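Everything below concerns the one structure shown next.
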Amino acid sequence: MSNYHIKNLEEYFKIHRKSVREPELFWEEIAEEHFVWRKRWDNVLSWDFNTPEVKWFEGAKLNITENCIDRHIRTKGDKTAILFEPNDPNSPAEHITYNRLYERVNQFANVLKSKGIKKGDRVCVYLPMIPELAIAVLACARIGAIHSVVFAGFSSSALATRIKDSDCKMVITSDGSYRGAKTIDLKSIVDDALNDCPGVESVLIVKRINSSIDLKEGRDEWIEPLLEAASKECEPEIMDAEDPLFILYTSGSTGTPKGMVHTTAGYMIYSAFTFKNVFQYRENDVYWCTADIGWITGHSYIVYGPLANGATTVMFEGVPSYPDCGRFWEIVEKHKVNQFYTAPTAIRALAKEKLSFIENHDLSSLKVLGSVGEPINEEAWHWYNDNVGKRKSPIVDTWWQTETGGIMISPIPYVTPTIPTYASLPLPGIQPTLMDENGDEISGNQVDGRLCIKFPWPGMARTIWGNHQRYKETYFSAFPGKYFSGDGALRDAVGYYRITGRVDDVVIVSGHNLGTAPIEDAINEHPAVAESAIVGFPHDIKGNALYGFVTLKETGEGRKHENLRQEINQIITEHIGPIAKLDKIQFTSGLPKTRSGKIMRRILRKIAGNDMGNLGDTSTLLNPEVVQDIIDNRI
Ligand code: PRX
């Protein structure tokens, strides 16, 4: 029996049981049948969640681009690999075949080599959603360089933090980007960042918006002439299974972002296997994930997962509202998209618009709809199901994380019956469990707790770049012997999981994972600010928005609060990016604290969420009087 493609519910249960009983055998069969290896592994799995250390397919040798490109050109070289839909609806779409992808990745890889990039070097990719972004990522993988893609909406200071943390030698960027009606000057953001990054030796620039930019002598170069001169053949670097493939940063509850390290073989197998099953991809399908490659969703489900399966994957440069709110549906119709994967925040925003934006388009090609990044509320789920899927395309509500590398809990379409708001059942190979606050596993169904995973899976991140101790503390210490996701979940009577949200100080805003601590650090740099606390509160479209409680050093210093609010959001934009701006800022006389001086965010979360009925016991606070003051002045 092939475990790779699950076609009915009985088979799902059988395969899941096997994956729990004999996990090594389960993954080994998949690895054997569906990938090309330069050398077979010596050992399928070794692991210890206490150290923590996890190794899959040790001893195996491979290159992921041989699996994503080379092997397909032998059988389907003329098939479209990447279908690029530009920001401007009047510009033609670009069909990049597997043959062309092979040539372009090799040329790019040869350019990287000519600039001295070698196996193990870190390369930062700061590009908009243009084909060169996917090609740069694959070119790094071709030569064994570790890519670190930074979402091109991050500010120069956020970019600098990430470049320095992993000591990148090179940055790949563009002169600028198009986003709807706007153009963004990316190169100057990179220039600002690099004032602070002496380790970067070279910058390669893709021409996108034809703007005139400053080129720093000896460091900056347009990439086009280099690509043109480069050979279309580049021997792949042969990698060990556990060699790092990429670093991708995610925010945490505290301090600097965490550079999650994903390794080669396990990540490849896991992203490919989950892509095939969760989207039920068939040979001539056109698949579209609307995420940005700057996030894990784009890594796993625009680039690696689809390409490892020889799929056609759409890359969209623009935004859902340009030139109008029918753009997504226009693209679905134009390219006859079969699988469509997006985020609840986009669904909620489009659901507010006129239905004619949808009704004007033929969406009959759609077979599967996906949702990712945050809990999807019931209303949005039904709107998606009724209007986009016409109640005939199952919705896969996929739960996973940057850290997990691929989808963990999700229905398999046409296999698992779906229930709105439930991510439903674990994929084969995944053993979730719920833990209570005392650290005990909660047995039975109709329970809620903290979502942990009991057993390793091939796609999991292996460490945090340069800080294994933080990896251990963040994910393996709250519940020793288990991976802790940071999410809460409930399990219903039939064993379906419903993710209820973060239980730590990370807030998911429009599907973006934002740690509150780095935002507070940014605000506290404002000279007028004494202290601040950021919490999330429910928001109609974004899912959550940010509420800042800010104490000023001096009140009545003559400044208008409105100006201060703008300045605070400006500082956040500079330090992190516009995605982290606060929706509400309340100036307070103090922040509620415990006797040991810790801010009681639980109370602030309730006030921000207008849920003041049950604030819990406030009598043990150091300064209970500020609570009423904050409530009275709530925005
Ligand atoms: O809280 C969960 C939420 O997004 C977090 C992971 O964010 P990130 O690492 O940025 O990856 C997002 C894309 C995989 C999770 O800890 N989340 C993700 N998917 C869902 C979700 N919450 C509820 N339902 C989901 N389907």
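Nothing here was measured: the structure is a model prediction, and the numbers come from that model. We count ligands from 1, going down the list as the structure has it; atoms in each ligand are counted the same way.
Taking 4.0 Å as the cut-off between side-chain N and carboxylate O, R450 and E437 count as a salt-bridged pair. A salt bridge is defined here as a Lys NZ or Arg NE, NH1 or NH2 lying under 4.0 Å from an Asp or Glu carboxylate O, and R498 with D492 fails to meet this definition. The pair E53-R462 does not meet the salt-bridge criterion, since no charged nitrogen lies less than 4.0 angstrom from a carboxylate oxygen.
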Kindly list each side-chain donor-acceptor pair under 3.5 angstrom involving residues 472-479, sequence neighbours excluded, with atom names and distances?
unit_1	atom_1	unit_2	atom_2	d
K472	NZ	N50	O	3.3
E473	OE2	Q469	NE2	3.0
T474	OG1	R470	O	2.6
Y475	OH	K258	NZ	3.0
Y475	OH	E403	OE2	2.7
S477	OG	K472	O	2.9

Check ligand 1 for N or O atoms under 3.5 Å from a protein N or O and list each pair with its distance.
unit_1	atom_1	unit_2	atom_2	d
ligand 1	1 (O)	D487	OD1	2.7
ligand 1	1 (O)	D487	OD2	3.2
ligand 1	4 (O)	G373	O	3.2
ligand 1	7 (O)	N513	ND2	3.0
ligand 1	9 (O)	T402	N	2.8
ligand 1	9 (O)	T402	OG1	2.5
ligand 1	9 (O)	N513	ND2	3.3
ligand 1	10 (O)	N513	ND2	3.3
ligand 1	16 (O)	Q401	NE2	2.9
ligand 1	16 (O)	D487	OD1	3.3
ligand 1	16 (O)	D487	OD2	2.6
ligand 1	16 (O)	R502	NH1	2.8
ligand 1	17 (N)	G373	O	3.4
ligand 1	19 (N)	G373	N	3.1
ligand 1	19 (N)	T398	O	3.4
ligand 1	22 (N)	P375	N	3.4
ligand 1	24 (N)	E374	O	3.3
ligand 1	26 (N)	D397	OD1	2.7
ligand 1	26 (N)	T398	O	2.7

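In summary, the side chains of Y249 and D165 do present a donor paired with an acceptor at a separation below 3.5 Å, with no hydrogens or angles considered.
Aromatic rings from W457 and Y267 are positioned such that their centres are separated by 6.0 Å or more.
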